[in-house]
Asks: 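Dropping a structure here in structure tokens format, bear with me for questions.
Every heavy atom of this structure was used, including side-chain atoms; hydrogens, water molecules and symmetry mates were not. Per chain, numbering begins at 1; letters A, B, ... match sequence-line order.
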There are 4 protein chains.
Amino acid sequence: MSPRRPERRSEEAAKAVIQAARELCQEVGYAKLSIEGIAARAGVGKNTIYRWWPSKGAVLLDGLLELWGEAAPFPDTGDAVADFKTQMKAAVGAFSSELGQHYRALLGEVQHDGVLAEALQERLLRPMMARATDRIELAKRQGQIRGDLDAELAIELLYGPIYHRWLLSQRAPEPARIEAMVDSVFTGMTPRPDL
Amino acid sequence: MSPRRPERRSEEAAKAVIQAARELCQEVGYAKLSIEGIAARAGVGKNTIYRWWPSKGAVLLDGLLELWGEAAPFPDTGDAVADFKTQMKAAVGAFSSELGQHYRALLGEVQHDGVLAEALQERLLRPMMARATDRIELAKRQGQIRGDLDAELAIELLYGPIYHRWLLSQRAPEPARIEAMVDSVFTGMTPRPDL
Amino acid sequence: MSPRRPERRSEEAAKAVIQAARELCQEVGYAKLSIEGIAARAGVGKNTIYRWWPSKGAVLLDGLLELWGEAAPFPDTGDAVADFKTQMKAAVGAFSSELGQHYRALLGEVQHDGVLAEALQERLLRPMMARATDRIELAKRQGQIRGDLDAELAIELLYGPIYHRWLLSQRAPEPARIEAMVDSVFTGMTPRPDL
Amino acid sequence: MSPRRPERRSEEAAKAVIQAARELCQEVGYAKLSIEGIAARAGVGKNTIYRWWPSKGAVLLDGLLELWGEAAPFPDTGDAVADFKTQMKAAVGAFSSELGQHYRALLGEVQHDGVLAEALQERLLRPMMARATDRIELAKRQGQIRGDLDAELAIELLYGPIYHRWLLSQRAPEPARIEAMVDSVFTGMTPRPDL
DNA sequence: CCCTAATCGAGACGGTACGTCGGGTCTTCGT
DNA sequence: ACGAAGACCCGACGTACCGTCTCGATTAGGG
């Protein structure tokens, strides 16, 4: 996505572009965000944007990564249930922030932009899921999650309800509800004593 | 959404518009779908579209409802687990159809179009969820689902994982995986014998 | 032009249309005058306008005639020079009025609307010129104008300079200048003593 | 009018636009001339037209100037009467040409478009009148025209009758009539021996 | 340490679509 | 039966952006 040719690019311009995109998106909303507008606000030629990014979504993704890239490491207190509750509450909190709206817009755009989909997957979703996968594998090793459970499935079971509510009903679940969700889901993921 | 003023509108033109939108969306994709194009294909003035629909998404939604509006009734064999498996497999199958792509595009658009979001909610999602809610309440009465479980939460637990996979990873879960999902989720929703 | 079929037409509606056109033209200018607007302002269906008038210019022409139709009779004091000066000063004064702007707009429109040209000719210009022709013929009989002079040419010689200034330079000549004009023109129209 | 900002404009595109306007105006007439049509015919984006011209009339004016800009120099044989007859016959001949129709349309448009009026004045009428003024001043110096006669008035006296006939009666005077006109007008403009 | 080439800003260009306006026709409904 | 109301198809408006393309001007690096 962003730098396709790392050679000779003006880091200064890139910063300005990314920041302009972030600001404009907050001011006018993703729908009215335009490359023309970003260029003007950043004091940059349109070509400079087209040179390094394929779409407005890609610019915004860079802006998101700049701030979300280094997420807090997955909590590890030894109690998987508690850890997931903690992490998910933090995640949902982030969804409600200004950047959360950018993330939501990107998740929307991705439904009809394959290139952006790939980039979002690679640069944001995959890393996020990797961290979660690690925590799940750890929990499996500690016997807190059934060993035969696909980690990817576990993630879908845990995070799916949250995204469902957020993307389909435009609401973010409150903490208590997250706890209930995780408790319920974990019941099904826990090793069955009777087998 | 669609008819804002039901008075004196040409049913013939409306049909043509909706069908043209559906066809064009399949031919060129949602991103390249335009009101201009729909009007041309339908042999209709642009004003006629703007008169009755606020956006291309709204037209497409009407097209979707025309075909999905009367969904198959929720299965009721007495076995809630089996019924949900059945229904969800059907739903995921629909996601993979051509209309499924329209639905996906709408779910994307909805992330930055509040008006469309409201319409999609009201005319498609709410009815779908109502049917699921009914089935869940029935299951609760039959003792197959814990009585203290919020039906909306149950829906999110069941369908969330599917949408997560579909919207975030652009994949539809295969039937076996759906079964595993439902089994796992129901474990957490089943009445606890120990309480 | 105006009533093509005098049968069964609502005199009330016609009045309203003509007046609405006149008012709107003064408020927004001829360029922005529209049949749609006239109909709305007059509280009349568009069809009612199309039924009786072929264009917005035709409506405005009716409005003009209503007020200018019965122009003051051509002055006749026995002194042709003085009479023409009097009449032309009145005419130029009228050009500067609000209705004068309507007349000017019509003279403009007429340059690319043959139907309107014919109507304007028939209903406004011809009558005006007829009155002037009569006065000229009288003057000829009284020996104040050369007998071999085409009356139409005389009119062009007298009024041409005024219209030139008004239509090409957007100015109306002041009274003193009109006097100079007429004096000069009459010098060439006076019977030549030496012939 | 035409170039508002002379910087970096594509001369090629400008030529194409002007020529397309001229051709279209001859083919469909001024009333049906549209910027949309000009752009299409010229193979040019609409914006390129709007960038450099404020209206279709302005484009057409440029087209007119391109061909009429360098008018034949005012004849000067020493005989002012003869010279004006020559020049006016040529002018009236031009009125009857295809471009003459464009000129007539512009004179019409100018009656309700102030911006175009200013441009027409500045770029076509003023230069034409300047040439005539020069010839008149020369004639005054040679004693063929009264010295106290305003040159602008002289022009109105001479050309007014022609424009009157052309714009109000949609006819162009034939040569013989022009001669009679000029003779008559000059009689009033000649120095009076008796004063 | 200059020369050459890449990159930059700026913004014009050919396009597509927007959302609006009005033209002229046709249909519906109320008086 | 007429006329107001207004929906209809259509064409054009003027605007906004798209993505591409020149333009100098600057700037960095390899000769």
Side-chain angles (χ1 to χ4, degrees), chain A residues 5 7-14 16-17 32-40 42-56, chain B residues 5 7-14 16-17 31-40 42-56, chain C residues 7-10 12-14 16-17 32-40 42-56, chain D residues 5 7-14 16-17 31-40 42-56:
Chain A
R5 296 165 302 180
E7 6 138 357
R8 302 252 304 85
R9 117 173 204 184
S10 156
E11 222 34 71
E12 188 181 357
V17 166
K32 297 201 163 185
L33 186 63
S34 71
I35 289 191
E36 196 110 10
I38 296 170
V44 141
K46 284 203 290 176
N47 245 347
T48 300
I49 298 185
Y50 283 111
R51 187 149 32 227
W52 306 110
W53 294 275
S55 66
K56 67 174 180 176
Chain B
R5 294 162 302 178
E7 8 145 350
R8 299 242 314 89
R9 110 177 211 180
S10 156
E11 225 32 73
E12 190 180 356
V17 166
K32 299 202 162 181
L33 185 64
S34 72
I35 290 191
E36 194 112 13
I38 296 170
V44 140
K46 281 202 287 176
N47 243 347
T48 299
I49 298 184
Y50 284 110
R51 192 157 20 237
W52 305 112
W53 293 274
S55 64
K56 67 174 181 177
Chain C
E7 3 136 356
R8 301 255 308 91
R9 120 173 203 184
S10 157
E12 189 181 359
V17 166
K32 298 200 163 183
L33 186 63
S34 71
I35 290 191
E36 195 110 11
I38 296 170
V44 141
K46 283 203 289 177
N47 247 346
T48 301
I49 297 184
Y50 283 111
R51 188 152 27 232
W52 305 110
W53 293 274
S55 65
K56 67 174 180 176
Chain D
R5 293 162 303 178
E7 7 146 350
R8 301 244 312 88
R9 109 175 209 184
S10 156
E11 224 34 71
E12 191 181 356
V17 166
K32 298 201 164 183
L33 185 62
S34 72
I35 289 192
E36 195 112 12
I38 296 171
V44 140
K46 282 202 288 177
N47 241 346
T48 298
I49 298 184
Y50 283 111
R51 189 154 26 231
W52 304 111
W53 293 275
S55 65
K56 67 175 181 177

Asks: With sequence neighbours left out, what residues match A16(B) under side-chain contact (heavy atoms from CB on, under 4.5 Å)?
Replies: A42(B)
Asks: Assign each of A42(D) and K56(C) to its nearest nucleotide of DNA chain E by heavy atoms, then name whichever residue's nucleotide is nearer the 5' end.
Replies: A42(D)
Asks: For T48(D) and G37(B), take the nucleotide of DNA chain E holding the closest heavy atom to each; which residue's nucleotide lies nearer the 5' end?
Replies: T48(D)
Asks: Taking all non-hydrogen atoms of both residues, which atom of I49(D) and which atom of I38(D) are closest, and how far apart?
Replies: CD1-CG2, 3.8 Å
Asks: Rounded to the nearest 0.5 Å, how far does CG of N47(B) lie from CH2 of W52(B)?
Replies: 11.5 Å
Asks: Nearest-Å distance, NZ (K32(A)) to C1' (dT15(F))?
Replies: 13 Å
Asks: Just to be sure I understand the rule, does A13(D) reach a base, reach only the sugar-phosphate, or reach nothing, if contact means heavy atoms closer than 4.0 Å?
Replies: sugar-phosphate
Asks: Taking only side-chain N and O atoms of R51(D), does any of them lie within less than 4.0 angstrom of OP1 or OP2 on dC13(E)?
Replies: yes
Asks: Figure out the CD/P separation between E36(C) and dT20(E), and round it to whole Å.
Replies: 15 Å
Asks: Let's see if you can work this out: which of dA17(E), dA12(E), dG22(E) has an atom nearest to the side-chain heavy atoms of K46(D)?
Replies: dA17(E)
Asks: If only atom types and distance count, is the side chain of K56(B) paired as donor or acceptor with the main-chain N or O of L33(B) below 3.5 Å?
Replies: yes
Asks: Round to a whole Å and report the spacing from CD1 of I38(A) to P of dG19(F).
Replies: 11 Å
Asks: How do L33(A) and V44(B) order along DNA chain F: which one's closest nucleotide is nearer the 5' end?
Replies: V44(B)
Asks: Of the nucleotides dG22(E), dT15(F), dT7(E), which one has an atom closest to the side chain of N47(D)?
Replies: dT15(F)
Asks: Tell me the interatomic distance from E12(D), atom CD, to dA12(E), atom C1', rounded to whole angstroms.
Replies: 13 Å
Asks: Between W53(D) (CH2) and dC13(F) (C1'), how many Å, whole number?
Replies: 18 Å
Asks: When you get a sec, tell me which of dC8(F), dG19(F), dC13(F) is the closest nucleotide to the side chain of I35(A)?
Replies: dG19(F)
Asks: What integer distance in Å separates I49(B):CD1 from dC10(F):P?
Replies: 12 Å
Asks: Find the distance E11(B):CD to dC8(F):C1' and express it as a whole number of Å.
Replies: 14 Å
Asks: So, using side-chain contact (heavy atoms from CB on, under 4.5 Å) as the criterion, who are the partners of E12(D) when residues are at least two apart?
Replies: S10(D)
Asks: Nearest whole Å is fine: how far is dG19(E) P from W52(B) CH2?
Replies: 18 Å
